[in-house]
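Report on the structure given below.
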Amino acid sequence: MSAAGLSMREQHAYDAARFAEIVGSAAPEDWARPSPVAAWTALDVVSHLVEWSRGFLQGSAGVELAPLDVAADPAGAWKAHTADIQGLFDAPAGRTVSNPHMGDKPVDVALSEIYTPDVWMHSWDLARALGQDFDLGAERAAAMLAGASAMEDAMRASGQFGPRVEVGPDASPQEQLLGFIGRDPYWQA
């Protein structure tokens, strides 16, 4: 789900820049800190976003992007990765993703549907790993939760989401979404 009024390319630029701010706030010793994602460190959050998307683009769209060494320079790798992905939003050049789970879609549409929301949600994970707060935005969180709830069985079957964490009836949309995707919204490093 995108924020009101932003195009796909603008939404990616916005979410990637917010994530870059969090990456840039980390000291070298912070990368080993645990994250809210079980068995992941702060570095693993950044590595995940870079590696899965590059592999997906190569396998589903034939887009070859240069390898990046996230462990050696997380901020530099994120900056280069963001530029690569933004380039696909800015000039998709008729590229198509062909994937058994998504069918055939323009590369920018596919990235907007699965990659940009991943950056947005993992921003919370990285911020929490670094001892920071991150506001996903109540309206966007509520919209994502509504859409995801309709696909809950498929999401859980994918193995990419943990079991739901129950939250109270007066929980915020952000807390509800985080609980839905298997995060403890009150997790502390």
Side-chain angles (χ1 to χ4, degrees), residues 1-2 8-24 26 30-130 136 144 147-148 151-162 181-183:
M1 300 289 165
S2 62
M8 292 183 298
R9 63 176 293 284
E10 291 168 335
Q11 187 67 61
H12 173 261
Y14 176 77
D15 289 339
R18 289 181 78 199
F19 192 84
E21 288 176 15
I22 303 165
V23 170
D30 289 336
W31 293 114
R33 293 176 66 149
S35 84
V37 181
W40 279 16
T41 64
L43 182 63
D44 292 328
V45 175
V46 181
S47 295
H48 162 75
L49 289 170
V50 170
E51 292 167 4
W52 86 255
S53 58
R54 292 172 101 74
F56 171 80
L57 287 165
Q58 181 178 2
S60 297
V63 175
E64 297 284 336
L65 299 173
L68 298 171
D69 189 347
V70 179
D73 181 6
W78 182 253
K79 182 178 179 181
H81 177 69
T82 296
D84 288 342
I85 300 298
Q86 192 65 42
L88 294 171
F89 276 103
D90 293 344
R95 293 180 187 96
T96 301
V97 164
S98 184
N99 182 281
H101 303 289
M102 301 181 74
D104 294 345
K105 294 186 178 198
V107 69
D108 54 339
V109 172
L111 288 169
S112 181
E113 289 178 359
I114 62 171
Y115 172 73
T116 302
D118 209 33
V119 172
W120 170 64
M121 287 191 282
H122 280 304
S123 294
W124 183 85
D125 293 322
L126 183 57
R128 296 307 306 141
L130 300 177
L136 293 171
M144 178 63 77
M151 309 180 311
E152 183 170 6
D153 292 341
M155 288 175 59
R156 300 271 177 243
S158 75
Q160 296 177 12
F161 297 89
I181 65 170
R183 304 289 195 278

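Residue numbers count from 1 along this sequence. Hydrogens, waters and symmetry mates are skipped; everything else that's a heavy atom, side chains included, is used.
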Tell me, do [X] and [Y] make a side-chain contact under 4.5 Å, heavy atoms counted?
X	Y	answer
E51	F56	no
V45	F19	yes
D125	M121	no
R183	V37	yes
S47	L43	yes

Smallest separation among heavy atoms of [X] and [Y], with atom names:
X	Y	result
S112	P117	O-CD, 3.2 Å
L126	V46	CD2-CG2, 4.1 Å
A110	V97	CB-CG2, 3.8 Å
L136	W124	CD2-CB, 4.3 Å
P36	A129	CD-N, 4.2 Å

Which pairs with one or both residues in residues 83-112 pass ring pair (Phe, Tyr, Trp, His ring centres under 6.0 Å), sequence neighbours excluded?
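The answer is H12-F89.
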How many angstroms lie between atom [atom1] of [X] and atom [atom2] of [Y], to the nearest 0.5 angstrom?
X	Y	atom1	atom2	value
D84	L57	CG	CG	9.5 Å
L130	S35	CG	OG	10.0 Å
T116	Q11	OG1	CD	7.0 Å
I85	D90	CD1	CG	11.5 Å
L111	M8	CG	CE	9.5 Å

Less than 4.0 angstrom from a charged side-chain N to a carboxylate O is my criterion; do R95 and D108 meet it?
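No, R95 and D108 are not salt-bridged.
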Could you tabulate the donor-acceptor pairs under 3.5 Å formed by side-chain atoms of residues 70-79, not counting sequence neighbours?
| from | atom 1 | to | atom 2 | distance (Å) |
| --- | --- | --- | --- | --- |
| D73 | OD1 | G76 | N | 2.9 |
| W78 | NE1 | A16 | O | 3.2 |
| W78 | NE1 | T82 | OG1 | 3.1 |

Ring centre gap for H81 and Y115 strictly below 6.0 Å
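Yes, the ring centres sit under 6.0 Å apart.
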Side chain [X], main chain [Y], donor-acceptor under 3.5 Å:
X	Y	value
E64	Q58	no
S53	V50	yes
R128	S123	no
D44	T41	yes

R18/Y14 under side-chain contact (heavy atoms from CB on, under 4.5 Å): CA gap, chis, key distance, verdict
CA-CA 6 Å; R18 289 181 78 199; Y14 176 77; 3.4 Å; yes
